[in-house]
Amino acid sequence: MNTLKKENKNRPIGFFDSGVGGLSVYAEFKKQIPNEYTLYFGDLKHLPYGSKTKEELVGYAREILDFFKDKNVKAVVIACNTSSARAYDVVKNDYDFKIYPIIQSCAKVIASSGLSRVGVFATEGTVASKAYTNELHKYNPVLKVKETACPLWVDIVEGKCRAGDDIEKHINEMLKFEPEKIILGCTHYPYLMNELQKYAPKELFLNPAGIFVDFIKDDLQKCGLLTGASGTEEIYVSAEPESFVQHSRIFYDVKSLPQIINLTF
Ligand code: DGL
């Protein structure tokens, strides 16, 4: 991660995800640090990220990071597990602002929390990358990790398909592994909590948003980059602004229709 001078602290912090999922992180951030100037980008043009190639995900990440660079950000939060798993390593040294990827930022706390068996529900791309297993094993090599891809869940949250028995099926399969916690390794999945808790106790599921925001806050503080200023926000999407507002409601009250930014990649 790059270092920034303290005089940069009044600049905004960018957040991005493929859609409304990252708002589960963004809402936690606004709750804990309401005075930061924030930007949110939902890349609905390319949703879902879970089925995209690494090359495509790197292309989207670069374009969004370039957009945030033009906005003069002091930091960017990759509020998307799939992009953190597949694009972060490629782009991380190409910008002169801080970049916080969700998986890599949360792994130490989760791996050091005394658990011995952990399940992960995530997108196909995140599971294929084994990013959760690899990052958790850096801090706890004997932790047993079972990763399961749930390809339909993002579309359910974004209103593009119905749940059916898919959620129950994945949970029952995961419970055979006897996990002490199941990480919701896609920022869309906390939107499904009402459904998930029909098939397993709510406490079994771990939404990493709180751990992630603690990490970001701590790091910004250490670097003298917390503002205590305006609390202004700007929300952008690459497509479907009405759908974004409609499906965001569980986590965040988006007050006006987001501006559409045309991505060329
Ligand atoms: N919410 C994102 C994640 O955390 C991406 C989901 C998708 O678009 O497939 O992985």
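Keep in mind that what you see is a predicted model, and the values were worked out from it rather than measured. We count ligands from 1, going down the list as the structure has it; atoms in each ligand are counted the same way.
The side chain to side chain contact (heavy atoms under 4.5 Å, CB included) search around Thr133 returns His137, Val145, Glu147, not counting sequence neighbours. Pro241 meets the side chain to side chain contact (heavy atoms under 4.5 Å, CB included) test with Val237, Leu257, Pro258, Ile260; sequence neighbours excluded.
Pocket lining of ligand 1, defined as residues with a non-hydrogen atom under 4.0 Å away: Asp17, Ser18, Leu47, Pro48, Tyr49, Gly50, Cys80, Asn81, Thr82, Thr123, Val154, Cys186, Thr187, His188.
Of all heavy-atom pairs between Tyr95 and Lys69, the closest is CD2-CD, 4.2 Å.
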Q: Would you please test Glu195 and Ile156 for side-chain contact (heavy atoms from CB on, under 4.5 Å) and show each step?
A: CA-CA 11 Å; Glu195 282 295 310; Ile156 296 169; over 6 Å; no

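The pair Lys160-Glu240 counts as a salt bridge, with a side-chain nitrogen and a carboxylate oxygen less than 4.0 angstrom apart.
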I'd like a table of donor-acceptor pairs (distance under 3.5 Å, sequence neighbours excluded) in which one partner is a side-chain atom from residues 249-256, with atom names and distances.
unit_1, atom_1, unit_2, atom_2, d
Tyr252, OH, Glu233, OE1, 2.8

